[in-house]
Number of protein chains: 2
Amino acid sequence: MSAGTIKLDSMLCFAIYATGHAFTRFYKPRLDALGLTYPQYLVLIVLWERDDITVNALGNRLFLDSGTITPLIKRLEARGLVSRKRDEDDERQVRIRLTPEGRALQDKALAVPLTIARGTGLTREDVDRLRAELLTLRDRLDSQAEGSKSG
Amino acid sequence: MSAGTIKLDSMLCFAIYATGHAFTRFYKPRLDALGLTYPQYLVLIVLWERDDITVNALGNRLFLDSGTITPLIKRLEARGLVSRKRDEDDERQVRIRLTPEGRALQDKALAVPLTIARGTGLTREDVDRLRAELLTLRDRLDSQAEGSKSG
DNA sequence: CACAATTAAATTGTGCACAATTGAATGTTG
DNA sequence: CAACATTCAATTGTGCACAATTTAATTGTG
């Protein structure tokens, strides 16, 4: 096994790391056409599913913190795709809402997942199985990371 | 299927993206003990496998370009783990070599993959199968990205 | 050999990603 | 209700990741 050396080619984490980058590169020309980065695209998908949510809710859905979300949202705001407003009942929170332009962009985005799905060369079943395995792994890693902050 | 809306929970790319981040977070306390980031750890693994290689060779192995590799290597150099030297036969190339300190760090790093493997909760067989599927996917995405630069 | 094309690394600029801190608003407890 | 604790978003600082450009060295061609 890994007695003596650490082998890059046997590491699952590197396969995930490299495939993630390959996905981002594959998305790039499609998202460039919408003027979006991949993380910006993810944020809009969340808002298309449920509009008017807080920075925190957005972060929980995407596993990102305010240090990542806040500047990203400001860029989407500068593009006129979303608006930010303090919650009137709890002024610590900032609610993010789609503008008409942000909502309209959904139509142009609908073609993207079809292109991506074709690009993977996988069947719907393979995608679903692979995705389920990865999410199980993600949850297991995250739950253990919580517990061993000082280990 | 995805007629009407794009569903985050059905997206394979997001599962990969989020699992990659979970992996990085899970690695963090282990790599902090070695004073390394995850990409720095990957670079050292490549050098432990084969010392004295060019920036280009390192980038090809890790699917990264000089814009990422160069500053990363300079940080490893500042820590005294690697050295950089122009190739005498081809002065365009820079060869990266481990210092004795860089080589010595391998011993301390050997425990890391064991901890990670345990953390995934997967069998060796599951890891191998999952890894193989992801690498196939990565290659398919990368080969198509090449061909559709202008599409 | 001169000169255009190519290659390699470094540089510049933008955008994540996250730890740590800050500051304001809200909750909690005595 | 006053002091303390918690929560939320924003900010600061470091380190990738990559497109585009720059600089220098090498290769290819006439």
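Letters A, B, ... mirror the listed sequences (proteins, then strands); counts begin at 1.
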**Q** Which pairs would a plain distance check flag for residues 102-119 of chain A, meaning a side-chain donor or acceptor within less than 3.5 Å of a matching protein atom at least two apart in sequence or in another chain?
**A**
residue  : atom : partner  : partner atom : Å
A:Arg103 : NH2  : A:Leu98  : O            : 3.1
A:Thr115 : OG1  : A:Ala111 : O            : 3.2

**Q** Looking at DNA chain D, which of residues 78-95 of chain B put a heavy atom within less than 4.0 Å of it?
**A** B:Asp89, B:Asp90, B:Glu91, B:Arg92

**Q** How would you list, by chain and number, every residue that makes a side chain to side chain donor-acceptor pair (under 3.5 Å) with B:Glu77, sequence neighbours excluded?
**A** B:Arg84

**Q** Would you mind listing every ring pair (Phe, Tyr, Trp, His ring centres under 6.0 Å) that reaches into residues 37-91 of chain B, with sequence neighbours excluded?
**A** A:Tyr17-B:Tyr38, B:Tyr27-B:Tyr38, B:Tyr27-B:Tyr41

**Q** Using a strict heavy-atom distance below 4.0 Å, which residues from residues 37-57 of chain A are in contact with DNA chain D?
**A** A:Thr54, A:Val55, A:Asn56

**Q** Tell me, please, which residues at least two apart from B:Arg86 pass side-chain contact (heavy atoms from CB on, under 4.5 Å).
**A** B:Val94

**Q** Sort and list the pairs that fulfil salt bridge (Lys or Arg N to Asp or Glu O under 4.0 Å) and have at least one residue in residues 55-72 of chain A, not counting sequence neighbours.
**A** A:Glu49-A:Arg61, A:Arg61-B:Asp9

**Q** Can you list everything that forms a side-chain contact (heavy atoms from CB on, under 4.5 Å) with B:Thr54? Sequence neighbours excluded, please.
**A** B:Asn56, B:Ala57, B:Gln93, B:Arg95

**Q** Go through the structure and list residues passing side chain to side chain donor-acceptor pair (under 3.5 Å) with A:Glu91, not counting sequence neighbours.
**A** none

**Q** List in chain and number order the residues that pass side-chain contact (heavy atoms from CB on, under 4.5 Å) with B:Ala15, two or more places apart in sequence or in another chain; answer none if no residue qualifies.
**A** A:Arg131, A:Leu134, A:Leu135

**Q** May I ask you to list the residues of residues 64-71 of chain A, by number, that have any heavy atom positioned under 4.0 Å from an atom of DNA chain C?
**A** A:Leu64, A:Asp65, A:Gly67, A:Thr68

**Q** Check side-chain contact (heavy atoms from CB on, under 4.5 Å) between A:Arg75 and all other residues, then give those that pass, not counting sequence neighbours.
**A** A:Gln40, A:Pro71, A:Leu72

**Q** Please pick, from D:dC18, C:dC18, D:dA10, the nucleotide with the shortest atom-to-atom distance to any side-chain atom of A:Arg25.
**A** D:dC18

